[in-house]
Amino acid sequence: MEIQLSNSYPFNLGFTLDCGQAFRWNKRGEWWYGVVREKGFKIRQVSSKLEFENVDADFVKDYFGLRDDLPKIFSQITIDKHIKAAVEKFNGLRILRQDPWECLISYICATYKNIPAIRQMLFNLSKKFGNKKAFNSYEFHTFPTPTRLAKTSIKELAECGVGYRAKYISETAKTIYGNDFKLEGLKKKGYEKTRRELLTFPGVGLKVADCVLLFSLGKLEAFPVDTWLKRIIIKYYTSHFPKEFIKKILSKKSLANSEYKRLNLFGRRNFGRYAGYAQEYLYHFERTQC
DNA sequence: CAAGTGCCTTTATC
DNA sequence: AGATAAAGGCACT
């Protein structure tokens with residue numbers, strides 16, 4: 001099956017899967033292979049045509065954020081030269097709608113790790129506790145369910161190389177399994193309320209919550225502030241803050257909650273209801289500038 | 001080569 | 001409230 005793209009309907013598959021928002025995609029030749037929930041599939045982009053097998057167009061439009069009105073979003077977030085450069089260079093990068101459960105565990109794992117290490121941890125977890133499937137002679141593993149991880153010992157989880165995160169994964173899985181908690185239900189609730197709910201899971205602080213809100217729950221106003229965004233704000237947006245505040249966050253390696261909230265609020269007020277898109281473009285642009 | 005730093009941070013404790 | 005330390009392990013300098 002295929003979807004026809006255009007200038008008024010832009011999408012760039014490579015940028016979208018390569019910008020570090022999802023961790024379990026693999027490129028083989030010109031096809032990208034992925035697994036979402038129980039389904040493995042492949043997809044490629046040939047200029048303005050998107051081709052895929054084993055999933056329908058409705059799923060693709062949902063998962064890859066193709067229902068977001070990107071031209072409208074650009075018109076709202078392109079308010080300075082920095083964001084303009086990022087939007088021009090990576091035009092077509094879209095925010096995914098990942099599975100919330102996988103996204104939650106992924107970003108619990110992501111704390112204090114780099115992207116290759118995060119990929120490795122998630123691969124290990126999936127290989128050990130997910131189900132093996134195959135598509136087009138491509139083997140993959142589904143992401144382990146809350147039930148499966150709730151029943152897995154901390155020791156076994158730790159064997160996947162997740163370190164101290166093992167107990168957070170275990171406790172979060174048990175909370176969801178025990179209360180029959182439906183993360184999908186959070187899609188219908190507002191940003192603030194949902195963030196408060198996510199913060200009750202162990203291993204989930206403000207940054208992880210914002211990532212889950214943005215990358216899986218469709219809260220496009222979420223503005224995750226990681227170490228890169230902190231650097232970006234200090235580098236390009238320092239004039240929006242008192243000198244003393246900048247000095248303070250420069251002097252420490254990690255942000256206090258109050259400092260995080262201040263940077264996060266800046267992002268949301270400055271870029272508006274699609275601040276998450278601004279965040280991801282700035283993030284990817286800065287990371288690829290080296 | 002050893003030791004320090006950084007990695008899409010959170011939690012516990014004072 | 002704010003500061004500080006600890007928590008895998010690996011790549012890089």
Side-chain angles (χ1 to χ4, degrees), chain A residues 15-25 86 90 93 95-96 98 102-125 128 153-173 175 195-217 219 222-235 242 244-245 247-264 267 275-290:
Chain A
F15 293 159
T16 300
L17 294 180
D18 233 6
C19 70
Q21 56 177 321
F23 306 100
R24 287 193 341 112
W25 281 90
F90 294 110
L93 190 166
I95 302 293
L96 297 172
Q98 299 181 48
E102 178 172 337
C103 191
L104 176 61
I105 298 301
S106 297
Y107 282 93
I108 287 176
C109 287
T111 66
Y112 220 64
K113 280 285 185 186
N114 52 35
I115 290 171
I118 300 162
R119 290 177 62 90
Q120 188 58 243
M121 289 188 281
L122 297 174
F123 175 80
N124 293 343
L125 286 172
K128 268 191 126 142
S153 69
I154 308 255
K155 183 168 174 289
E156 280 182 291
L157 291 172
E159 282 166 8
C160 295
V162 299
Y164 64 89
R165 300 162 192 82
K167 72 169 188 291
Y168 300 147
I169 296 170
S170 173
E171 286 172 22
T172 294
T175 304
R195 184 158 86 164
R196 277 198 298 279
E197 285 204 49
L198 289 173
L199 288 173
T200 64
F201 292 107
V204 178
L206 291 165
K207 155 52 171 76
V208 172
D210 273 330
C211 287
V212 176
L213 286 159
L214 179 60
F215 301 132
S216 72
L217 297 173
K219 308 299 177 202
F223 190 84
V225 180
D226 69 332
T227 175
W228 287 90
L229 261 291
K230 177 186 160 187
R231 276 203 284 270
I232 289 165
I233 292 172
I234 291 169
K235 195 167 162 190
E244 284 311 306
F245 178 71
K247 218 184 235 176
K248 194 171 182 184
I249 60 173
L250 268 173
S251 71
K252 301 188 299 183
K253 4 184 199 328
S254 64
L255 294 171
N257 269 358
S258 59
E259 293 156 353
Y260 180 97
K261 283 183 177 170
R262 195 161 174 181
L263 297 176
N264 170 264
Y277 262 97
Q279 190 272 3
E280 206 51 20
Y281 274 89
L282 288 171
Y283 174 82
H284 194 48
F285 186 76
E286 193 68 11
R287 282 186 61 115
T288 51
Q289 277 307 89
C290 311

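Reminder, nothing fancy here: chain letters follow the sequence lines and each chain counts from 1.
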**Prompt:** Counting just side-chain N and O atoms, does A/K252 come under 4.0 Å of either OP1 or OP2 of C/dA3?
**Reply:** yes
**Request:** Report which part of the nucleic acid A/A117 touches: base, sugar-phosphate, or nothing (heavy-atom distance under 4.0 Å, all strands).
**Result:** nothing
**Atom-to-atom span, CD1 of A/I115 to C1' of C/dA11 - whole angstrom** = 15 Å
**Item:** Nearest-Å distance for atom pair CG/P, residues A/L255 and C/dA1
**Value:** 17 Å
**Prompt:** Could you state the OH-P distance from A/Y168 to C/dA7, rounded to the nearest angstrom?
**Reply:** 11 Å
**Message:** Measuring only between side-chain heavy atoms, which start at C-beta, is A/Q21 closer than 4.5 Å to A/E280?
**Reply:** yes
**Item:** Within-4.5 Å side-chain heavy-atom neighbours: A/L104 and A/S216
**Value:** no
**Start and end of chain A contact along DNA chain B [non-hydrogen atoms, under 4.0 Å]** = B/dC7 to B/dT11
**Request:** Using a 4.0 Å heavy-atom cut-off across all strands, classify A/K248 as base, sugar-phosphate, or nothing.
**Result:** sugar-phosphate
**Message:** Just the rounded figure in Å: distance from P of C/dA6 to OH of A/Y112.
**Reply:** 12 Å
**Message:** By the 4.0 Å heavy-atom rule, please label A/Q279 as base, sugar-phosphate, or nothing.
**Reply:** nothing
**Asked** Within the structure shown, what part of the strands sits under 4.0 Å from A/C160 by heavy-atom distance: base, sugar-phosphate, or nothing?
**Response** nothing
**Message:** Syn or anti for C/dG8, given that syn means the glycosidic angle lies within 90° of 0?
**Reply:** syn
**Request:** In whole angstrom, give me the gap between the P atoms of B/dC8 and C/dA6.
**Result:** 23 Å
**Paired nucleotide for C/dG8 [Watson-Crick or G-U wobble; both distances under 3.5 Å]** = none
**Touch class at under 4.0 angstrom, heavy-atom based, for A/F201 against every strand present** = sugar-phosphate
**Prompt:** Looking for any heavy atom pair under 4.0 Å, which part of the strands does A/L206 touch: base, sugar-phosphate only, or nothing?
**Reply:** sugar-phosphate
**Message:** Could you check whether any side-chain heavy atom of A/Y107 comes within less than 4.5 Å of a side-chain heavy atom of A/F23, counting everything from C-beta outward?
**Reply:** yes
**Prompt:** Is there a side-chain contact between A/L206 and A/N264, using heavy atoms and a 4.5 Å cut-off?
**Reply:** no
**Prompt:** Should A/K207 and A/D226 count as an ion pair when the cut-off is N to O under 4.0 Å?
**Reply:** no
**Fill in**
When every non-hydrogen atom of A/L157 is compared with those of A/A166, the smallest separation belongs to CD1-O, 3.5 Å
**Message:** Once you apply a heavy-atom cut-off of 4.0 Å, does A/V204 come out as touching a base, just sugar-phosphate, or nothing?
**Reply:** sugar-phosphate
**Request:** Describe the nucleic acid contact of A/G203 in one word from base, sugar-phosphate, nothing, applying a heavy-atom distance below 4.0 Å.
**Result:** sugar-phosphate
**Prompt:** Looking at A/E159 and A/K155, does any basic side-chain N land under 4.0 Å from a carboxylate oxygen?
**Reply:** yes
**Message:** If you assign each of A/D226 and A/P202 to its closest nucleotide in DNA chain B, which residue comes earlier from the 5' end?
**Reply:** A/D226
**Message:** Does the plane of the ring in A/F90 sit parallel, tilted or perpendicular to the ring in A/H284? Use 30° and 60° as the thresholds.
**Reply:** tilted
**Message:** Please report the distance separating the P of C/dG8 from the corresponding atom of B/dC1, rounded so that it comes out in whole Å.
**Reply:** 29 Å
**Request:** Answer with base, sugar-phosphate or nothing: what part of the nucleic acid does A/S254 contact at a heavy-atom distance below 4.0 Å?
**Result:** base
**Request:** Could you tell me whether A/V162 contacts a base, only the sugar-phosphate backbone, or nothing, with contacts defined as non-hydrogen atoms closer than 4.0 Å?
**Result:** nothing
**Asked** Can you tell me the Watson-Crick or wobble partner of B/dC8, both distances under 3.5 angstrom?
**Response** none
**Request:** With P as the reference atom in both, quote the distance from B/dT5 to C/dA5 in angstrom, rounded to an integer.
**Result:** 13 Å
**Prompt:** Separation of A/K155 atom NZ from C/dG8 atom C1', in whole Å?
**Reply:** 16 Å
